[in-house]
Structure formats: structure tokens, C-alpha cells
Amino acid sequence: MALIVQKFGGSSVKDRDRIFNVARIVANTHNAGNDVVVVVSAQGDTTDDLIAKAAEITHNPSAREMDMLLAAGEEISIALLAMALNELGCHATSLTGWQAGFRTDRAYTKARITKLETERISSELERNRVVVVAGFQGLNKLDDITTLGRGGSDTSAVAIAAALHADRCQIFTDVEGVYTADPRKVRNTRKLDEITFDEMLELASLGAQVLNNRSVELAKKYNVELEVLSSLNPVPGTVVKEVVKDVEGMLIKGVAKDTDVAVITILNVPDEPGTSFKIFGLLAQKNINVDIILQSTGRDGKKDISFTCAESEAETALRVLRESAKFDQVICDETCAKVSIVGAGMQSHSGVASKMFEALSNSNINIKMISTSEIKISCIIDREDADKAVSAIHDMLFE
Ligand code: ASP
Ligand code: MG
């Protein structure tokens, strides 16, 4: 007998049929002799709908009230799923995040889990009940409901698996696993059998959208192996873990893009100590998240510095640089994208970068910036070229 945590996303519980589909998966797992804790998200687009409802009332809702509102979505799902399980003769108890013992910090709408008190979940399991827990929510020190940020149910599931030392943590979704690129947009993509936490983290932050970033961080920290699989099609999914088998030829695990990128360049800044500190210190004060930084070699005591940030933050960045830092030559290229290849195998192999550049060159796509890490190579390009670039790179590396 094993303890299994199963998480189902919003699309997997979006209506009556899907709820019963999930209930059958859970009941089968329980009937096979396992203890099961289920984590569910709000049904379908419920969270977006609730956000829209708030916007009908005010453009500036209090974060506390937003959390009160959004937590309701998951509470509907847990009750309905527990009812469906009971219908199938599988005894289930639904628990809100706070009933399940999730304690968080005070940061409404993006709270972090500080503690998970597992007594209630454990006592329900001892009574041989399936426990259905509301994802995405917890309680802070003020006894107020908090939520964990969009996509936070994955993190709830991983936290439960870590705290209970579960044997397995299965993340069910509407795709069959993690692919080498978005299968809806790129031809000949492959489903990966396995991927490391680090590779998954890179792909998650690049918008691969199968797993929430924080959940992967947490899984890595507590070494919780994750299995990403489809709730609609019972085929093996993708396992995310610390070390994976070195499959021949699988140097690269995926090609991803991030289309929310702006490049800001400050021309003719003094080529002297303290210049970068002045620029990035000011940006940090405004909480602007800077990604790639590039600096030209000095000439006549001057140099140029470029960096990327999210398009939504570009305006604030420009204002800070022009008004507070008094730089007069600041330009912004707002419509950029970042395409990246990710794979732990590239650490020990050469020639991967040149293949990527060759693919872009063949497609006549200009590279504006390049950045590399041990397991990732990223290029900044024009946003309108992003899809074409991903396909070209994928063809080059996976054909
Ligand atoms: N319902 C929340 C959201 O849509 C949490 C989740 O789905 O994981 O972001
Ligand atoms: Mg959702």
C-alpha cells in the first residue's frame, strides 16, 4: 500500500462529466489499496471569472478581499468531487486549505506556505477516507484566507506530498506530459519520459505552462518526484526528478519561448566604476525584474548597457532611468521575445549553440542578444519571429 497525492487542474474538473472522470481515477487508486490525497483547482475558467467579477466592482480591490473571493473557486471543486466520490461508493472528505493545515505568510494573492500541519489529513486517512483538499489556499497569522498565486494548486500538492512523505505525486492535466515544444504549435514534438528538476524549472519559467514554477522549486527542495500525466488519456506521462537516465541523443529537452520581453538600452553611460550599480540599484528599488544584461566595451570613456525585462515593466524602467537617473539616451524595443533551448546534456557537449544559431540564420532571423547558462541558451529576437524561430530550432535539433 502506498500514499499517493493526485492533483487535478481546472480543466480536469470543469464540468459534471470531468468530475466523475476524476472521481473514477481517484476511486480506482483507492480501491487498489492506496491512501489517496487529492488536490483540486477551481473548475475551468472559474478563477478568471471571479477576477472579472471583482473588476466589475472596483479597479482597485483589496488584496485580502481578492483572496477571500478567489479561494471560493477551489471550495466548489472539493465539495463536488467529494460528492462524486461518495456517489461511486468511495468515502471522501473535502477540506479547505486551512482545514488541511496550510499556514502561509501574510502576502495576500501571492502567499508562501510557511507550515503544513498534517494532523487532520492524517486522521482522515486513518479512517480510510479519500481526502480532497482545496489547492491554492491557506491561512495567514491573522487567520485570513490567502492564495498562493496563479497556478498555485500544483504547489499545494507538492507541499502535501513532501510533508506526508508520499510515495508518489501525480499532477494530472489536459496534456499527456512535458513535450519538447508546444505540440499545438510545433510539428513532430516528442513527449519526454523524464526530465530533471532544473530543466523543468527552466522550461516552466519560459512559459511551458505544464507545471507552476514554485511547485518545481519545492519538489526539488524536498526531492518529491513528480509525474505529469493526462486525466483524459491513461498513458504514461513525464516524470520530473533529480537525475534522469542519460538517453542517447537527448542533449536538449525542449525549445521554449517567452513573448513578454522588452529590451532597454542606455547609450553613452560613463565607463567607470559604479555605473551598473547605479542603474540596476534603481531598477531593483522599483522591483523590476531584469533578465539578460549586456554591456559594450568602452570607447572614449563611454559604453552602452542593454538589459531585458517584462514588457509590462518597461515603462516604469524607462521612467526611472530618464527621471531619477537622468540618463538622456535611453531607448526601448518593446516587442521582443526570448527563445531558449534547455537541456542538462549541453554541459558536456559542444556545438549545440551553433546549431541553434544556424537554425535562426536559415530562417533569416536576427539575434539581438544571447545569454547562456549551464543548461540553457537563450536568444532575444523580434517578437513576430518567435513561433517561426521555435519551429526552426526544434526542426534542427530534433529531426
Ligand atoms: N485556480 C487557481 C488559478 O487558476 C489555482 C490553480 O489553478 O492552480 O490560478
Ligand atoms: Mg485554474
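Read the numbers this way: they start at 1 and go in the same order the structure lists the ligands and their atoms.
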Return the option from K7, E74, Q137 holding the heavy atom at the smallest distance from atom 1 (N) of ligand 1.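 Minimum heavy-atom distance to atom 1 (N) of ligand 1 goes to E74.
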
Next on the checklist: Using heavy atoms and a 4.0 Å limit, tell me yes or no: is G152 in contact with ligand 1?
Outcome noted: yes

Practice prompt. Answer yes if the side chains of H394 and T189 hold a donor-acceptor pair under 3.5 Å, and no otherwise.
Written response: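 Judged by distance alone, the side chains do not pair up.
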
Considering distance alone, does some N or O of [X] sit under 3.5 Å from an N or O of ligand 1?
{"X": "G151", "value": "yes"}
{"X": "R150", "value": "yes"}
{"X": "T47", "value": "yes"}

Review point. Per the side-chain hydrogen bond (donor to acceptor under 3.5 Å, both in side chains) rule, which among S230, S11, S231 passes with D174?
Key: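 Filter result, single survivor: S11.
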
Practice prompt. Inspect the contact between D387 and K257 and indicate whether a charged nitrogen and a carboxylate oxygen are less than 4.0 angstrom apart.
Written response: yes

**Prompt:** Hey, are R106 and D144 close enough for a salt bridge, meaning a charged N less than 4.0 Å from a carboxylate O?
**Reply:** no

- Query: Checking T114 side chain against R103 main chain: does a donor-acceptor pair fall under 3.5 Å?
  - Reply: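 A pair under 3.5 Å: yes.
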
Ligand 1 to S41, heavy atom cutoff 4.0 Å, flagged ligand atoms 6 (C), 7 (O), 8 (O)

